[in-house]
Amino acid sequence: MTAKSETRLAAWRRRMAAMPLHHRFALAGSLVTLPGMLVVGSLVSDSIENSVVRNAALSSTVYMESFVAPMSQELADSRTLSPASIDRMRALLDEPPLSERILSAKIWRQGGLIAFSSDADLIGKMLEPGDKLRRAWAGELSASFDDLDDDENLRERMTGVPLLEVYNPIHSIVTGKVIAVAEFYLEASELRADLRAAHARAWIAVASVMALTFAALFGIVRAGSRTIDAQNRELTGRIAELARVSGQNKALRERVQAASRGVSETNERYMRRISAELHDGPAQAQALTSLRLGCTDVPGRRRARCPEARDLRASLDEAMVDVRDLCRGLTLPALEGRSVADTLDMAIGAHERRTGSAVQRRFSGDIRLDRAAPHPILICAYRFTQEALMNAWRHAPGAPVTMSCELTADGRLQVAIEDKGPGFDPAALNGQGLGLPGLRERVESIGGEFDIRTAPGQGIRLTITLAAEAFA
């Protein structure tokens, strides 16, 4: 099919789809009903004509069997009729009642020999037998309106009236075999008129039934179409309202997520500020106190207090380590303008330096992971990696840890951290602790998805999936 034909077909389909249902039914029903009416009408008309013609032929055959067949019995032993038999046959056909019904007749012998004819010139001639004659020799009675185009039908054609052609087998009264075939023509003006009237009545009846059936079905389809149209209008209104509400919900969700991303950035600024305050305040005071306590070890001072001072100084040093670790945990490196790959590398590197453990990396190699990503996405990815790796180090020390990162088919960022540790029963978690629930809230607040897959003795896999628009 050419492109032009496909375009026309598509346009036609669109026009059909735009039409009301009852109009489409009317068009399709017409294409089916009209040919159906023609087929049914033709079958009924042909059936009527065949029945009427056969009945007429049978009634005429009774005359032929009564008058002509007895005079044709000599053909059982001879190929031709005697002159006397021909004269008697012609006289019989010229007198009532046969003359009133039969306009002309022929008697055929096997092979196409004309043994008798109303036209004396045809007697004794050999002609090619037609299908009707061959069927008659097989014992079949046939009758039809003939067009009289054959040469031997000149006499009948000159009558100028409708003729019914009948082929009647003549049987031997001794053996019952077909010894000849009588072909005769009946004047059929009245029969033709009756047939035309019967045809007209049949066509009117078929057309009326088809029209009434079509009208009834059209009425049913139109009522159904109006009901469907009303329901479609109502449904369209509801869909429009639902779309409006859905649009509002989407706008609200986007505003909430935008606010959550803003809150995430604000929280990071506050945590950075708290880290700075801890570092510049309590941490410095602890360091100064530790230095001053160190003076108690100066030679010449009283030794009685030195063991207590050393213990106090050791406690202060431990507290300073904890404060500094807390400061490092609260403070993120500068992430703005970085890529996802750089951010995850930074988080993994910080964890490896802090814990001395190794993390296996599996990056998909997608070029979009090396492009600059929105700051809230980077914060979320960094915090997730930081918390998940720390959980693996605490709860599965020494177990292999793998971090994978890829973009899904719809362009969303998916980061997963998996360890081969002891795992746990997720149902037993029950919202306890701040780590995993906090991660879930952080991820879902910016429109992402958080997933935990674990079981006792089967390790744990934590996965986050973040918004696609950042990586389009």
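Just the heavy atoms: all of them, side chains too, but no hydrogens, waters or symmetry mates, feed the values below.
- Between I107 and I114, every side-chain heavy-atom pair lies at or beyond the 4.5 Å cut-off.
- For the pair L164/Y185, no side-chain contact is recorded, criterion being any heavy-atom separation below 4.5 Å from C-beta on.
- Taking each heavy atom of S45 and H199 in turn, the nearest pair found is O-NE2, 3.4 Å.
- D410 and T408 share a donor-acceptor pair across their side chains, judged by distance under 3.5 Å alone.
- Using a 4.5 Å cut-off on side-chain heavy atoms (C-beta onward), K106 and F116 make no contact.
- By the 4.5 Å heavy-atom criterion applied to side chains, L141 and Y167 are not counted as neighbours.
- At a threshold of 4.0 Å, the pair E241-R244 counts as salt-bridged, since one of the basic side-chain nitrogens sits closer than that to a carboxylate oxygen.
- In this structure the side chain of V181 reaches within 4.5 angstrom of the side chain of L133, judged on heavy atoms.
- Expressed to the nearest 0.5 Å, how far CG of N391 lies from CG of L439 amounts to 7.5 Å.
- The OG1 atom of T227 sits 12.0 Å away from atom CZ of R222, with the distance rounded to the nearest 0.5 Å.
- In this structure, L407 and L413 have side chains that are in contact, with non-hydrogen atoms separated by less than 4.5 Å.
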Candidate pair W203 and L38, rule side chain to side chain contact (heavy atoms under 4.5 Å, CB included), full reasoning: CA-CA 9 Å; W203 279 105; L38 293 175; 4.2 Å; yes

Intermediate values then yes/no, side chain to side chain contact (heavy atoms under 4.5 Å, CB included), R361 and D345: CA-CA 9 Å; R361 298 168 172 82; D345 274 334; 2.9 Å; yes

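- No more than 12 heavy atoms of other residues, nucleotides or ligands sit less than 6.0 Å from atom CZ of R196.
- Side-chain atoms of T236 come within 3.5 Å of backbone N or O of N232 as a donor-acceptor pair.
- Summarising the geometry, atom CZ belonging to R368 is positioned 11.5 Å from atom CD belonging to E406; distances are rounded to the nearest 0.5 Å.
- Residues M37 and L34 meet the side-chain proximity criterion, which asks for heavy atoms closer than 4.5 Å.
- Shown here for S364 and L369, the closest heavy-atom pair between the two residues is OG-CD1, 3.5 Å.
- The CH2 atom of W108 sits 13.0 Å away from atom CD1 of I170, with the distance rounded to the nearest 0.5 Å.
- Side-chain N or O atoms of S117 include none that pairs as donor or acceptor with a backbone N or O of I123 at under 3.5 Å.
- Residue E418 is tested with Q360, R362, R461 for a side-chain hydrogen bond (donor to acceptor under 3.5 Å, both in side chains); the sole match is R461.
- Residues A115 and L81 share a closest heavy-atom pair of O-CD1, 4.2 Å.
- Using a 4.5 Å cut-off on side-chain heavy atoms (C-beta onward), I417 and T402 make no contact.
- Using a cut-off of 4.0 Å between Lys/Arg side-chain N and Asp/Glu carboxylate O, R453 and D451 are scored as salt-bridged.
- Here the CE-OG1 distance, from M403 to T385, works out to 6.0 Å after rounding to the nearest 0.5 Å.
- The two residues L466 and G448 have their closest heavy-atom pair at CD2-CA, 4.2 Å.
- By the 4.0 Å N-to-carboxylate-O rule, R412 lies close enough to E449 to be salt-bridged with it.
- Sorted by first and then second residue, the side-chain hydrogen bond (donor to acceptor under 3.5 Å, both in side chains) pairs involving residues 74-89 (not counting sequence neighbours) are E74-S85, S82-S85, S85-R88.
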Stepwise side chain to side chain contact (heavy atoms under 4.5 Å, CB included) test for I179 and H171: CA-CA 6 Å; I179 59 175; H171 298 81; over 6 Å; no

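- A donor-acceptor pair under 3.5 Å links the side-chain atoms of R134 to the main chain of P129, judged by distance alone.
- A salt bridge links E165 with K132: at least one charged nitrogen is closer than 4.0 Å to a carboxylate oxygen.
- Ion pair E387/R383 not flagged as a salt bridge, since none of the NZ, NE, NH1 or NH2 atoms sits closer than 4.0 Å to an Asp/Glu carboxylate oxygen.
- Distance check, rounded to the nearest 0.5 Å: SG of C405 to CD1 of I348 gives 9.0 Å.
- With hydrogens and angles disregarded, a donor-acceptor distance shorter than 3.5 Å links the side chain of T343 to the backbone of S339.
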Worked check of side chain to side chain contact (heavy atoms under 4.5 Å, CB included) between Y382 and L344: CA-CA 6 Å; Y382 190 98; L344 296 179; over 6 Å; no

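- Take F450 and apply the ring pair (Phe, Tyr, Trp, His ring centres under 6.0 Å) test, not counting sequence neighbours, and it matches no residue.
- Here the closest heavy-atom approach between residue T454 and residue G459 is recorded as OG1-O, 2.6 Å.
- Closest approach of L378 and A373 over heavy atoms only: CD1-O, 3.6 Å.
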